[in-house]
Amino acid sequence: SEIAKALEVDERQVRRYRDCLEQAGIYIEADRGKYGGYKLQNDNLMLGLNISKQEQYSLQLVEKYLTDSNHIAAKDISSLLAKINLISCKKEKEQIDFCNYMSKETISNINLDVERKKFLDIHAAVLSRNKIKMDYNSLNSGKYKRIVRPYHTLQYKQDLYVVGFCELKKEIRDFKISRIEDYEILDEKFPKDESFDPEKFMENCFGIYKGKEYNIKLKIMYPMSHIIKEKIWVKNQVITECEDNSIIFKAKMRGLEEIKTWILGMGSNVIVLEPSEIIEEVKNEIKEMKKLYMCNDMS
């Protein structure tokens, strides 16, 4: 009944799933009674996967990337790959050596074991729809106790977030998991929010921040123009190339602070053409920066 409730199907359907798994060679034992349930007879399900060399090479590449970026799953992937290598009976000489490959990422300054447990606990609460009570250290409002209905987890720039409805602020927000100082998965459950769509929630976001949407129009000069057109910054972007190797960049974007940071990072290689609000924001930021340097000159 617990499995049926979690999967939002009836108990008869759960039994059908069990039968399908057994037909696929995944055998399940059933323990009857109040504390009974289902369990696998064994967990050695990898023997029949017939993993190809290319698939194994891809796993090695992923392992190297996760290790270099200090990802919370890196150790588990390394362990999994070692087991797959043994099961697949691959010899060392048959594997590509990725020691000459590296991933250059900004590494999060976190305790991996602590963050891994925190993330797995929170993601489990997302799946089971259990509320979370947390002590959250917000950059704007300081440390507060929150009760959150977790909807979704996401990763951005090597940092992990949980998206959920905050009962304190009465709105959907994202919480950086490393800023959750203490938490408790509550027994209290919450109904599924059918209106929540993670893709819609993050639509046109330039980064993690939300807020007002802007119709951005930039003129970007060479060589920065070449760097910008090599990437998809938002899905709706439109790039027009000019004869002088500059580009006109148009896009709908949300996330004012990150938009400003991105534009300022291009220095004198970019001119904001539209909208006027972004032009003023960039001008004001430059003025404030100039004041800081003028103070330093006077001292």
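In what follows, every heavy atom counts, from backbone to side chain, and hydrogens, waters and symmetry copies are set aside. Residue numbers run from 1 in the order of the sequence given.
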With a 4.5 Å heavy-atom cut-off, do [X] and [Y] have their side chains touching?
X      : Y      : value
Met266 : Ile228 : yes
Ser178 : Leu160 : no
Ile278 : Leu256 : yes
Val282 : Leu264 : yes
Ile271 : Met221 : yes
Lys145 : Tyr136 : no
Tyr17  : Gln13  : yes
Pro275 : Ile216 : yes

If the condition is side chain to side chain contact (heavy atoms under 4.5 Å, CB included), which residues does [X] pass it with, not counting sequence neighbours?
X      : value
Ala4   : Glu11, Val14
Lys192 : Glu8, Arg129, Glu194
Glu199 : Asp197, Lys235

Would you tell me whether [X] and [Y] have side-chain atoms, one donor and one acceptor, within less than 3.5 Å of each other?
X      : Y      : result
Tyr214 : Glu277 : yes
Asp244 : Ser246 : yes
Asp135 : Tyr183 : no

Work out which heavy atom in [X] is nearest to a heavy atom in [Y]; give both atom names and the distance.
X      : Y      : value
Ala251 : Asn236 : CA-OD1, 3.3 Å
Ile110 : Ile72  : CD1-CG2, 4.4 Å
Ile259 : Arg254 : CD1-C, 4.0 Å
Asn130 : Leu186 : ND2-O, 2.8 Å
Asp159 : Ser108 : OD1-OG, 2.7 Å
Ile28  : Glu22  : O-OE2, 3.2 Å

Is the shortest side-chain N to carboxylate O distance from [X] to [Y] below 4.0 Å?
X      : Y      : result
Asp174 : Lys210 : yes
Glu203 : Lys252 : no
Glu184 : Lys133 : no
Lys5   : Glu2   : no
Lys287 : Glu285 : no
Arg15  : Asp19  : no
Arg146 : Glu167 : no
Arg149 : Asp193 : no
Lys117 : Asp113 : no

Assess whether atom [atom1] of [X] is packed by more than 12 heavy atoms of other residues, nucleotides or ligands within 6.0 Å.
X      : atom1 : answer
Leu127 : CG    : yes
Glu241 : CD    : no
Lys219 : NZ    : no
Asp187 : CG    : no

[X] with [Y], same ILVMFWY side-chain cluster at under 4.5 Å:
X     : Y      : answer
Ile77 : Phe119 : no
Leu21 : Leu7   : yes
Leu66 : Leu112 : no

Check your understanding: If you group Ile, Leu, Val, Met, Phe, Trp and Tyr whenever their side-chain heavy atoms sit less than 4.5 Å apart, what else falls in with Phe165?
Key -> Tyr151, Leu154, Tyr156, Tyr161, Val163, Ile172, Phe190, Phe196, Phe201, Met202, Ile208, Tyr209
Using only atom types and a distance under 3.5 Å, with no angle test, would you say the side chain of [X] pairs donor to acceptor with the backbone of [Y]?
X      : Y      : value
Ser138 : Asn140 : yes
Lys260 : Glu281 : no
Thr153 : Val162 : no
Ser79  : Lys75  : no
Asn204 : Met253 : no
Lys131 : Ala125 : no
Lys189 : Ser128 : yes

Review point. After noting the C-alpha distance and the side-chain angles of Ile132 and Ile147, does the key distance pass the side chain to side chain contact (heavy atoms under 4.5 Å, CB included) rule?
Key: CA-CA 6 Å; Ile132 302 173; Ile147 293 181; over 6 Å; no
Exercise for review: Sorted by first residue and then second, give each ring-ring contact (aromatic ring centres under 6.0 Å, His included) pair with at least one member in residues 263-290; sequence neighbours left out.
Suggested key: none
Review point. What ring-ring contact (aromatic ring centres under 6.0 Å, His included) pairs are there with at least one residue in residues 254-280, not counting sequence neighbours?
Key: Phe206-Trp262, Trp233-Trp262, Phe249-Trp262
Study note, to complete from the structure: Value for NZ (Lys250) from CG (Asn215), rounded to nearest 0.5 Å, stands at 10.0 Å
Check your understanding: Rounded to the nearest 0.5 Å, how far does CG of Asp76 lie from NE2 of His71?
Key -> 10.5 Å
Exercise for review: I would like to know whether Asn111 and Glu115 meet side chain to side chain contact (heavy atoms under 4.5 Å, CB included); could you show each step before the answer?
Suggested key: CA-CA 6 Å; Asn111 183 314; Glu115 291 302 302; 5.6 Å; no
